[in-house]
Amino acid sequence: QKEVEQNSGPLSVPEGAIASLNCTYSDRGSQSFFWYRQYSGKSPELIMFIYSNGDKEDGRFTAQLNKASQYVSLLIRDSQPSDSATYLCAVNTGTASKLTFGTGTRLQVTL
Amino acid sequence: DGGITQSPKYLFRKEGQNVTLSCEQNLNHDAMYWYRQDPGQGLRLIYYSQIVNDFQKGDIAEGYSVSREKKESFPLTVTSAQKNPTAFYLCASSIGNRAAGYTFGSGTRLTVV
């Protein structure tokens, strides 16, 4: 079983809709959860982080964490074509500072 | 501006050749990391260092070597023992605790010719 799992997609949503990206993780001791956005050929950039159960909102982005069910999700409201990218979920699964990444979900926002 | 710089952006390696990828940061971060990214496989950890003069193997360390002689620098050498080195290599840094996210460099794309 992979430590961090994501559906590879592509997830296609129309412009203006809500995009919902999901991630599950296997280590119940995980404490820190991150979402990165990666455009094709570029390096990942951090867009959200969450540590506690519940929702965390930042502009059009909302991260949701449910530790009991071991999943973390990212909602993108009012999706724009510029949101088209691969979204990587990352989890701190150990005692060190290193992150384990999922394989990413490719999001396509259509006009 | 603080940041993390990787060079070169593109690198071509001949069979049997060792090559070194540079990673420098001026963020005063304690921890630095090297990841490899292949299509459809996400990011895989090669090596990481949480303090100067110390580093640990990641999940795919075979065929790679690193050094951490200065806080700012964490070069990665891809040796001839790495049989499939063609990939996108990403260097990252963080303040080094479990709550910290990474700052990534812009990456080096290595191709075997």
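Per chain, numbering begins at 1; letters A, B, ... match sequence-line order. Just so you know, these numbers come straight off a predicted model, no measurement behind them.
- Contacts from residues 33-42 of chain A to chain B, taken as heavy-atom pairs separated by less than 4.5 Å, involve A:F34, A:Y36, A:Q38, A:G41, A:K42 in sequence order.
- Going from atom OG1 of A:T105 over to atom CG of A:N22 covers 8.0 Å, rounded to the nearest 0.5 Å.
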| task | Please assess B:Q37 against B:L90 for the test side-chain contact (heavy atoms from CB on, under 4.5 Å), listing each intermediate value before the final yes or no. | result | CA-CA 7 Å; B:Q37 187 173 36; B:L90 288 160; 3.9 Å; yes
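- Contact annotation for B:Q56: neither backbone nor side-chain heavy atoms come within less than 4.5 Å of a heavy atom of chain A.
- In the hydrophobic cluster analysis, where Ile, Leu, Val, Met, Phe, Trp and Tyr join through side-chain heavy atoms closer than 4.5 angstrom, A:L75 is grouped apart from A:L107.
- In terms of heavy-atom pairs under 4.5 Å with chain B, the best-connected choice from A:E45, A:K98, A:Q31 is A:K98.
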| message | Could you walk me through whether B:K71 and B:D30 satisfy the salt bridge (charged side-chain N to carboxylate O under 4.0 Å, His left out) test, starting with their C-alpha distance in whole Å, then the side-chain angles of each, then the deciding distance to 0.1 Å, before giving a yes or no? | response | CA-CA 7 Å; B:K71 187 176 184 177; B:D30 287 316; 3.3 Å; yes
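- Residues B:Y33 and B:F74 place their aromatic rings such that the two centres sit no closer than 6.0 Å.
- Contact of A:L99 with chain B is made through backbone and side chain together, with heavy-atom distances under 4.5 Å.
- Looking at B:L43, the atoms closer than 4.5 Å to chain A (heavy atoms on both sides) sit in the backbone and in the side chain alike.
- Under the 4.0 Å criterion applied to side-chain N and carboxylate O atoms, A:E57 and A:R77 are assigned as salt-bridge partners.
- Grouping the Ile, Leu, Val, Met, Phe, Trp and Tyr side chains by contacts below 4.5 angstrom, directly or via other members, places A:M48 with A:Y87.
- Salt bridge B:D38/B:R36: present, at least one basic N to carboxylate O contact under 4.0 Å.
- Taking non-hydrogen atoms and a 4.5 Å limit, the residue list of residues 102-113 of chain B in contact with chain A, ordered by number, reads B:Y102, B:F104, B:G105, B:S106, B:R109.
- Heavy atoms of A:Y51 lying under 4.5 Å from chain B belong exclusively to its side chain.
- Under a hydrophobic-cluster definition in which Ile, Leu, Val, Met, Phe, Trp and Tyr are linked whenever side-chain heavy atoms come within less than 4.5 Å, directly or via other members, B:L45 and A:L46 are assigned to the same cluster.
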